[in-house]
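Below is one structure, written out as structure tokens, with a few remarks after it.
Along the sequence shown, residues carry numbers from 1.
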Amino acid sequence: MGDFRMPSLGADMEAGRVTEWLVKVGDEVKRGDIVAVVETEKSTIEVEIFESGVIETIVVPVGEEVPVGTVLARVQSGALGSRKRRGPETPSRESAPPIEPTHPTSREGARTPVVRSPVVRHLAEESGIDLAGVIGTGEGSVITRHDVEQAIAMQRPPGGRVRASPWARRVAAELGVDLTSLRGSGPRGAVTEADVRRVAGTESRPAAAPCEPAVTTVATGTREKVVPTSDVAAKQVALRRAIGALMARSKREIPHYYLSTTIDMRRASEWLERVNADRSITDRVVMPVLLLKATARAVATVPEMNGLMVEEKFEANAAVHVGVAISLRGGGVIAPAIHDTDALELDDLMAALRDLVTRARAGRLRSSEMSDPTITVTNLGDLGVDEVFGVIYPPQVALIGFGRVAERPWAEHGLIGAVPTVTATLAADHRVSDGHRGGLFLSTIDRLLQAPEDL
């Protein structure tokens, strides 16, 4: 018997609230399956399980907040296939009658769908798809995710549950928007936060029920925008408090030192211009991707920048999972990881960054993305900031900051000209490294950016 516990999704997390279970008792789960949605003070996170087996008991119900480490569910380890003792759901190939192409449900009664993945079952429930009407194409007629997606594309039964992210559902509830009236613009027609806010800005809000939160109407040009003043405001206060507490802890416990350098970006800018010349806007690679990749690659030279302090002892990490600081639409910052950043091709890294930002702002991050960062990069160049001196995110030991790429005076061979440059800064932990190693790290990033084609 194994325990599925409330994970720690950051050094500042003390508790979390289960907002949705994606599995039920008796479901088979595999390592890496998303089984629950948890709300923290910072975001809503899709939590993965790291043990295969069968869900024996769900201990914590939806809506309950519990401390980190609390048992959420119990898993019967190594019990895949044990359903046969509970009642056959998947007939064996020897005993199952042959399936006729034109009569897939020729047996007496309705055909029992074969679904082994809770993610597939949840996708079907969320999209209003009756699994009894889906023909599985997997081994042993198992219904796969592709089968459900095909069914979603073909039909959407009336009254079926609207597909939407947990954050979109919350925003809809706060703004009084009926999800069934929306046409989603997300993947497979999912309703996104943007869809909800677009309608909220143009439709009148129904009369508030006694239990609904108070709202404030704010004039914005020719429109009136309904702004909730209870739940959203409380969420922002909690988020700011959590960030402030973590940063205060970081400055109190970590002996920071800071370094900065100015990097010549002529080669990087020219190379990006050539690469993007024949690409559509959606396929272009942006400068922050080069900065991320150079940072990840530089870790090989100075490995003490990549790892965690655990019980006052530094543990270097062989994998490079760069945390990316992302501003949230409602305010606040979150820094989820792009796994194996140093091993990704630039196009793949661009796609991963775009996907991460979208999901972070929609409240659809995964628990591993919040718990795995080994070093963080923050980039405020798009806001016109020249330099950013960050605060280390514990238990990490380093943070790299980048400002805007802009033309500045540059002296070379006795001549002065205007050259595109960027200021890179390093905040590092003096318990693990020193100014010499920090300077080597920054100079390695500089050197890598002078040969962008090799990143």
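- Ring geometry, H430 versus Y257: the interplanar angle falls from 30° to 60°, so the pair is classed tilted.
- Side chains of L344 and I338 form a contact here, defined as non-hydrogen atoms less than 4.5 Å apart.
- Counting only N and O atoms by type, the side chains of T374 and N306 include a donor and acceptor under 3.5 Å apart.
- Side chains of R408 and T421: a donor-acceptor N/O pair is present below 3.5 angstrom, by distance only.
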Take L72 and V18 through the side-chain contact (heavy atoms from CB on, under 4.5 Å) test and state the conclusion after the steps.
-> CA-CA 9 Å; L72 302 181; V18 178; 4.2 Å; yes
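- Within the 4.5 Å cutoff, the side chain of D340 has no heavy atoms near those of the V320 side chain.
- Looking only at distances, no side-chain donor or acceptor of E315 sits under 3.5 Å from a matching main-chain atom of M309.
- In this structure, a donor-acceptor pair under 3.5 Å is absent between the side chains of S433 and E304.
- A donor-acceptor pair is defined here as one N or O able to donate and one able to accept, closer than 3.5 Å; such a pair exists between the side chain of E369 and the backbone of R366.
- Taking a cutoff of 4.0 Å between a charged side-chain nitrogen and a carboxylate oxygen, R284 and D347 do not qualify as a salt bridge.
- A distance-only check finds a donor-acceptor pair linking the side chain of W21 to the backbone of V60 [under 3.5 Å].
- Without hydrogens or angle criteria, T261 side chain to L442 main chain gives no donor-acceptor distance under 3.5 Å.
- Few gaps surround CD on E453; more than 12 heavy atoms of other groups in view lie less than 6.0 Å from it.
- The existence of a salt bridge linking R404 and D386 is confirmed by a sub-4.0 Å separation between a basic side-chain nitrogen and an acidic carboxylate oxygen.
- Within a 6.0 Å radius of CD in E412, more than 12 heavy atoms belonging to other residues, nucleotides or ligands are found.
- For the residue pair T376 / Q396, a side-chain donor-acceptor distance below 3.5 Å is found, with atom types taken as modelled.
- S269 places no side-chain N or O within 3.5 Å of a backbone atom of R266 that could act as its donor or acceptor partner.
- Under the 4.5 Å side-chain criterion, counting only non-hydrogen atoms from C-beta, F402 is in contact with T295.
- Proximity of a side-chain donor or acceptor of R297 to a complementary backbone N or O of I445 within less than 3.5 Å is not detected.
- At most 12 heavy atoms of other shown residues, nucleotides or ligands fall within 6.0 angstrom of atom CZ in R74.
- Environment of CG in L383: crowded, with over 12 heavy atoms of neighbouring residues, nucleotides or ligands closer than 6.0 Å.
- With hydrogens and angles left out, the side-chain atoms of D429 and H256 include no donor and acceptor closer than 3.5 Å.
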Candidate pair V29 and V54, rule side-chain contact (heavy atoms from CB on, under 4.5 Å), full reasoning | CA-CA 6 Å; V29 293; V54 173; over 6 Å; no
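- F441 and V299 make their closest contact through CE1-N, 3.7 Å (heavy atoms, listed as atom of the first residue, atom of the second, distance).
- Between the side chain of N317 and the main chain of A319, a donor-acceptor pair closer than 3.5 Å is present.
- Of the possible polar contacts, none joining the D3 side chain to the R5 backbone as a donor-acceptor pair under 3.5 Å is found.
- Side-chain N or O atoms of D33 include none that pairs as donor or acceptor with a backbone N or O of E48 at under 3.5 Å.
- When only modelled atom types and interatomic distance are considered, D355 and T358 share no side-chain donor-acceptor pair under 3.5 Å.
- Looking only at side-chain heavy atoms (C-beta outward), P7 and V47 come within less than 4.5 Å of each other.
- When all heavy atoms are compared, the tightest approach of V322 to A296 is CG2-CB, 4.0 Å.
- Within the 4.5 Å cutoff, the side chain of L399 has no heavy atoms near those of the I375 side chain.
- For R431 and E312, the salt-bridge test passes: some basic side-chain N is under 4.0 Å from an acidic carboxylate O.
- Taking 4.5 Å as the limit, every side-chain heavy atom of T425 sits out of range of all side-chain heavy atoms of I400.
- With hydrogens and angles ignored, the 3.5 Å screen pairs no side-chain donor or acceptor of T70 with any backbone N or O of V66.
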Checking side-chain hydrogen bond (donor to acceptor under 3.5 Å, both in side chains) for the pair R361/S327: CA distance, chi angles, key distance, verdict?
-> CA-CA 8 Å; R361 291 174 176 167; S327 61; 3.2 Å; yes
Determine, stepwise, if the pair V285 / N276 fulfils side-chain contact (heavy atoms from CB on, under 4.5 Å).
-> CA-CA 7 Å; V285 176; N276 290 330; 4.2 Å; yes
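- Ionic pairing of K24 and D27 is present here: one or more N-O contacts between side-chain nitrogen and carboxylate oxygen are shorter than 4.0 angstrom.
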Determine, stepwise, if the pair E387 / V385 fulfils side-chain contact (heavy atoms from CB on, under 4.5 Å).
-> CA-CA 6 Å; E387 298 176 341; V385 173; 5.5 Å; no
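- At a threshold of 4.5 Å between non-hydrogen side-chain atoms, the residues L291 and V377 do not count as touching.
- The shortest distance between side-chain heavy atoms of L449 and M265 falls below 4.5 Å.
- Looking at every heavy atom in both residues, H321 comes nearest to A337 through CB-CB, 4.1 Å.
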